[in-house]
There are 2 protein chains.
Amino acid sequence: MPVKDCKTEQLIKETAKRIFLTEGNMFATTQDIADAAGVNRTLLHYYFRSRDVLFNMVFKEALTELRERLHEVLGSQLAFKQKIDNLVSVFYDELIKFPYLETFIALQLNQEPAKYEELFTGLPGGKERLKNFLKEIQREMDNGHIAEMKPINFFINLFALMAYPFVARPIYLKMFDLTDAAYNKLLTERKKSIVSMLFKN
Amino acid sequence: MPVKDCKTEQLIKETAKRIFLTEGNMFATTQDIADAAGVNRTLLHYYFRSRDVLFNMVFKEALTELRERLHEVLGSQLAFKQKIDNLVSVFYDELIKFPYLETFIALQLNQEPAKYEELFTGLPGGKERLKNFLKEIQREMDNGHIAEMKPINFFINLFALMAYPFVARPIYLKMFDLTDAAYNKLLTERKKSIVSMLFKN
DNA sequence: TCTTTGTTTAACAATTTTGTCAAACAAACC
DNA sequence: GGTTTGTTTGACAAAATTGTTAAACAAAGA
């Protein structure tokens, strides 16, 4: 018998990830994905049974990976500012790979909340680590390092400044007649300045 | 003959707007929309010919309205800070009505750029007004009122801080176990603080 | 070589969604 | 009342998409 190589299975999954999360094509059909992967459409059903299973697997994997990386950063023993620095780097890496991950999760979570429940409760200690991070934020405010606000608002600001420019890229390309390269340069410059925007100086 | 009342036509369009842009259900079928509007599905085709036409009309109308309102604010003769204040108010109003408008435009613009071309070139004087606003931002930096950065980054920051919390609402509801009411309160608080976040004090 | 196991394919079936059409209907106007 | 014009409906057709099956195929081991 031939060894289970999983090569085709992996190829299909990676292609689906690219189409859904990198290119942001929510409406891609099984045929679209099969074509992009260069395989027969039936293989998609052979390995994943249905489009829905593949769709959810792709999200679950991508979000789990992101969550684990952020979890690690938040749990590190670094100084606050250094921690934020790492967080920006880690999240930027993810955004470059999957700029539409957050958008899709948000849309899906709105449509079928039950289905994605586990994605937010699956990692043990996640809630605690998040709460501790909010406390850390509060401490930094008390120390006068960052402006006074609800810690959760600081958290949202941080992610807004990182994620939004990736999601809204097509709009700003059109709006300001920018090339992809020019926009990428802008994103790189932003990366350096996000931390300084959030801290008092 | 009966007077053309357009009542049903309007009802269908408003319902589609609600489903697509307020509830964020991109996958809604013609049947879904007809059911939500309480009309026969054939009427949707009678008035709009196809799902695609309706889909595009909904976007075009919503975006055109938003663009005109922003255009007006940008063109006003108010002081810079007051102008930003107005902009936040206007954009917040739109986000409450259609939180998913920007997301959808971004996704669609990525998939079929040609189709949405006109939405960005249709308003005469739009580009100039935008350029002037960027110059205004530069002047404020020169005067030391806001931190030094590329004006376009100030622009993106402004919209990131406004729009992202609406788009990512479902994620934060889950992540921090918040009720809709609590999140709305958060959004209201943010509204007041967005301006102060962007300006030196 | 023959069997076993897993992979790939084409053809087919089922389902879902979209789009069409003719007929029924309702209101204004003669 | 009958005509006209626009509206609404159900039945039907077409298209697109998903899912299934049986058979061909390939590689490894007895």
Side-chain angles (χ1 to χ4, degrees), chain A residues 1-21 23-61 100 104 107-108 110-112 114-116, chain B residues 1-21 23-61 100 104 107-108 110-112 114-116:
Chain A
M1 59 180 166
V3 180
K4 263 195 176 181
D5 57 358
C6 300
K7 230 177 59 197
T8 308
E9 187 173 354
Q10 276 301 315
L11 174 66
I12 293 172
K13 202 196 288 173
E14 292 307 314
T15 305
K17 267 187 189 162
R18 195 189 77 221
I19 291 176
F20 288 137
L21 303 179
E23 297 169 10
N25 182 6
M26 268 196 138
F27 293 103
T29 64
T30 53
Q31 189 68 63
D32 292 334
I33 297 165
D35 287 351
V39 303
N40 190 292
R41 189 177 60 84
T42 315
L43 287 177
L44 195 146
H45 289 98
Y46 174 71
Y47 286 112
F48 302 98
R49 187 156 68 259
S50 76
R51 181 190 189 278
D52 210 49
V53 169
L54 175 61
F55 191 83
N56 288 312
M57 190 177 290
V58 159
F59 277 106
K60 191 171 175 173
E61 283 193 13
Y100 292 102
F104 275 39
L107 286 169
Q108 288 298 304
N110 230 13
Q111 304 309 316
E112 308 182 84
K115 206 172 206 167
Y116 299 91
Chain B
M1 56 179 169
V3 180
K4 264 195 178 184
D5 57 0
C6 301
K7 228 178 58 198
T8 307
E9 187 174 354
Q10 277 299 317
L11 173 65
I12 293 172
K13 201 195 291 174
E14 292 307 313
T15 305
K17 267 186 189 162
R18 197 190 75 222
I19 291 176
F20 288 137
L21 303 179
E23 297 170 10
N25 182 7
M26 267 195 138
F27 294 103
T29 65
T30 53
Q31 190 66 63
D32 292 334
I33 297 165
D35 287 351
V39 303
N40 189 292
R41 189 177 60 84
T42 315
L43 287 177
L44 194 147
H45 289 99
Y46 174 72
Y47 286 111
F48 301 98
R49 188 158 65 260
S50 75
R51 181 190 190 276
D52 210 49
V53 170
L54 175 60
F55 191 83
N56 288 313
M57 190 177 290
V58 159
F59 277 106
K60 192 172 173 171
E61 282 193 14
Y100 292 102
F104 275 39
L107 286 170
Q108 288 297 304
N110 231 12
Q111 304 308 317
E112 309 183 85
K115 206 172 207 168
Y116 298 91

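In the text below, chain A, chain B and the rest are named by the order of the sequence lines, each starting its count at 1. What you see below is based on every heavy atom in this structure, not just the backbone, and it leaves out hydrogens, waters and symmetry mates.
Taking atom NZ of residue B/K7 and atom P of nucleotide D/dT8, one finds them 8 Å apart after rounding to whole Å. Computed from coordinates, the A/Q31 CD to C/dT9 P distance equals 12 Å when rounded to whole Å. For A/I12 and D/dT18, the CD1 to C1' distance is 15 Å, given to the nearest whole Å. A/F55 has its CZ atom 15 Å from the C1' atom of D/dT18, to the nearest Å. In this structure, the NE2 atom of A/H45 is 18 Å from the P atom of C/dC12, given to the nearest Å. One can place CZ of B/R41 at 13 Å from P of D/dA11, the figure rounded to the nearest angstrom. One can place CZ of A/R49 at 9 Å from P of D/dT20, the figure rounded to the nearest angstrom. B/L44 places its CG atom 15 Å from the C1' atom of D/dT7, with the value rounded to the nearest Å.
Here C/dA10 is the nucleotide among C/dT18, D/dT18, C/dA10 with the atom lying nearest to any side-chain atom of A/N40. In the set C/dT18, C/dA10, D/dT18, C/dA10 carries the atom at the smallest distance from any side-chain atom of A/T42. Considering only the side chain of A/Y46, C/dT8 comes nearest among D/dT18, C/dT8, C/dT18. Across C/dT18, C/dT7, D/dG19, the shortest atom-to-atom separation from the side chain of A/Y47 is found for C/dT7. In this structure, the nucleotide among D/dT18, C/dT9, C/dT17 sitting nearest to the side chain of A/L43 is C/dT9.
The backbone N or O of B/Y100 lies less than 3.5 Å from no partner atom in the side chain of B/E23, so there is not a single donor-acceptor pair. Looking only at distances, a side-chain donor or acceptor of A/Q111 sits under 3.5 Å from a matching main-chain atom of B/G24.
Phosphate contact (OP1/OP2 of C/dT17, side-chain N/O of B/T29, threshold under 4.0 Å): absent.
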Applying side-chain contact (heavy atoms from CB on, under 4.5 Å) to A/K115 and A/F59, what does each step give before you reach the verdict? CA-CA 11 Å; A/K115 206 172 206 167; A/F59 277 106; over 6 Å; no

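Judged purely by distance below 3.5 Å, without hydrogens or angles, the side chains of B/N40 and B/T42 pair a donor atom with an acceptor atom.
Ring geometry for B/F20 against B/F104 counts as tilted: the plane angle lies between 30° and 60°, on a 0 to 90° scale.
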